[in-house]
Amino acid sequence: TPKEHEECLRTLTQLRNYNAHHLVPQVIQFAENPAKPLDMRVAAVEVLGWFTNSYRNPEIVAMCNKLIESNKDIAPERLKQEAIKTLARMK
């Protein structure tokens with residue numbers, strides 16, 4: 001529903017401020033799931049770009065590389081572009 005969609009985006013955005021490192025695997029799983037709405041997946045990848053000093057940095061880098069190398073059915077261009085930005089932040 002639109003309300004659930006909006007709530008999900010709000011929750012993802014809030015993660016930027018809290019750097020809840022324990023949630024990184026779930027956010028990665030969400031971002032990699034082609035069944036999820038594209039705008040939410042893009043938001044998830046963008047949020048992970050705020051975890052630059054996280055001990056989970058290698059997992060985020062691996063996700064970005066996976067998305068960048070994926071075909072367009074798995075990772076549309078908009079998602080790949082966000083993965084490129086997030087990868088640049090991780091270095």
Side-chain angles (χ1 to χ4, degrees):
T1 68
K3 187 174 181 178
E4 290 171 335
H5 187 93
E6 185 179 315
E7 183 63 30
C8 183
L9 286 173
R10 185 175 21 260
T11 300
L12 284 167
T13 303
Q14 289 173 349
L15 285 175
R16 290 188 302 207
N17 298 324
Y18 299 109
N19 283 332
H21 305 281
H22 66 284
L23 295 176
V24 167
Q26 289 111 324
V27 177
I28 288 173
Q29 184 178 26
F30 186 93
E32 291 179 338
N33 186 343
K36 299 294 183 187
L38 180 59
D39 61 333
M40 288 188 203
R41 294 175 68 202
V42 170
V45 173
E46 189 270 333
V47 163
L48 291 170
W50 289 74
F51 287 72
T52 55
N53 296 318
S54 175
Y55 68 95
R56 299 231 183 229
N57 184 300
E59 295 168 65
I60 297 167
V61 168
M63 176 213 60
C64 289
N65 286 324
K66 181 178 177 181
L67 291 173
I68 292 165
E69 295 168 6
S70 294
N71 67 44
K72 65 181 178 181
D73 294 332
I74 301 296
E77 190 60 30
R78 188 168 149 218
L79 186 63
K80 287 183 182 200
Q81 290 304 314
E82 194 59 51
I84 290 168
K85 291 178 192 175
T86 293
L87 183 60
R89 291 181 193 113
M90 292 293 111
K91 295 179 178 183

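Model, not experiment: these values are computed from the prediction. FYI, the numbering just counts along the sequence from 1.
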**Item:** Those residues that, when tested against Asn71, pass side-chain contact (heavy atoms from CB on, under 4.5 Å) (two or more places apart)
**Value:** Asp73, Ile74
**Request:** To the nearest 0.5 angstrom, please state how far the CG atom of Leu67 sits from the NZ atom of Lys80.
**Result:** 9.0 Å
**Message:** How long is the straight-line distance from CZ of Phe30 back to CG of Leu23, given to the nearest 0.5 Å?
**Reply:** 13.0 Å
**Asked** What distance do Glu82 atom CD and Ile68 atom CD1 have between them, rounded to the nearest 0.5 Å?
**Response** 10.5 Å
**Message:** Once rounded to the nearest 0.5 Å, what's the spacing between atom CD of Glu46 and atom CG of Asp39?
**Reply:** 12.5 Å
**Fill in**
Rounding to 0.5 Å, atoms CG (Leu79) and NZ (Lys72) come to a distance of 15.0 Å
**Request:** Given side-chain contact (heavy atoms from CB on, under 4.5 Å), test Val42 with Gln81 step by step and report yes or no.
**Result:** CA-CA 9 Å; Val42 170; Gln81 290 304 314; over 6 Å; no
**Item:** Lys/Arg-Asp/Glu bridge criterion (N-O < 4.0 Å) met for Lys66, Glu59
**Value:** no
**Prompt:** With the threshold set at 4.0 Å, does a side-chain nitrogen-carboxylate oxygen contact exist between Arg10 and Glu6?
**Reply:** yes
**Message:** Quick check for you: to the nearest 0.5 Å, what is the distance between Ile60 atom CD1 and Met90 atom CE?
**Reply:** 4.5 Å
**Asked** Taking all non-hydrogen atoms of both residues, which atom of Ala83 and which atom of Cys64 are closest, and how far apart?
**Response** O-SG, 3.5 Å
**Complete:** Tightest non-hydrogen contact, residues Ala31 and Met63, listed as CB-SD, 3.9 Å
**Asked** Hey, is the main chain of Val45 close enough, under 3.5 Å, to the side chain of Thr86 for a donor-acceptor pair?
**Response** yes
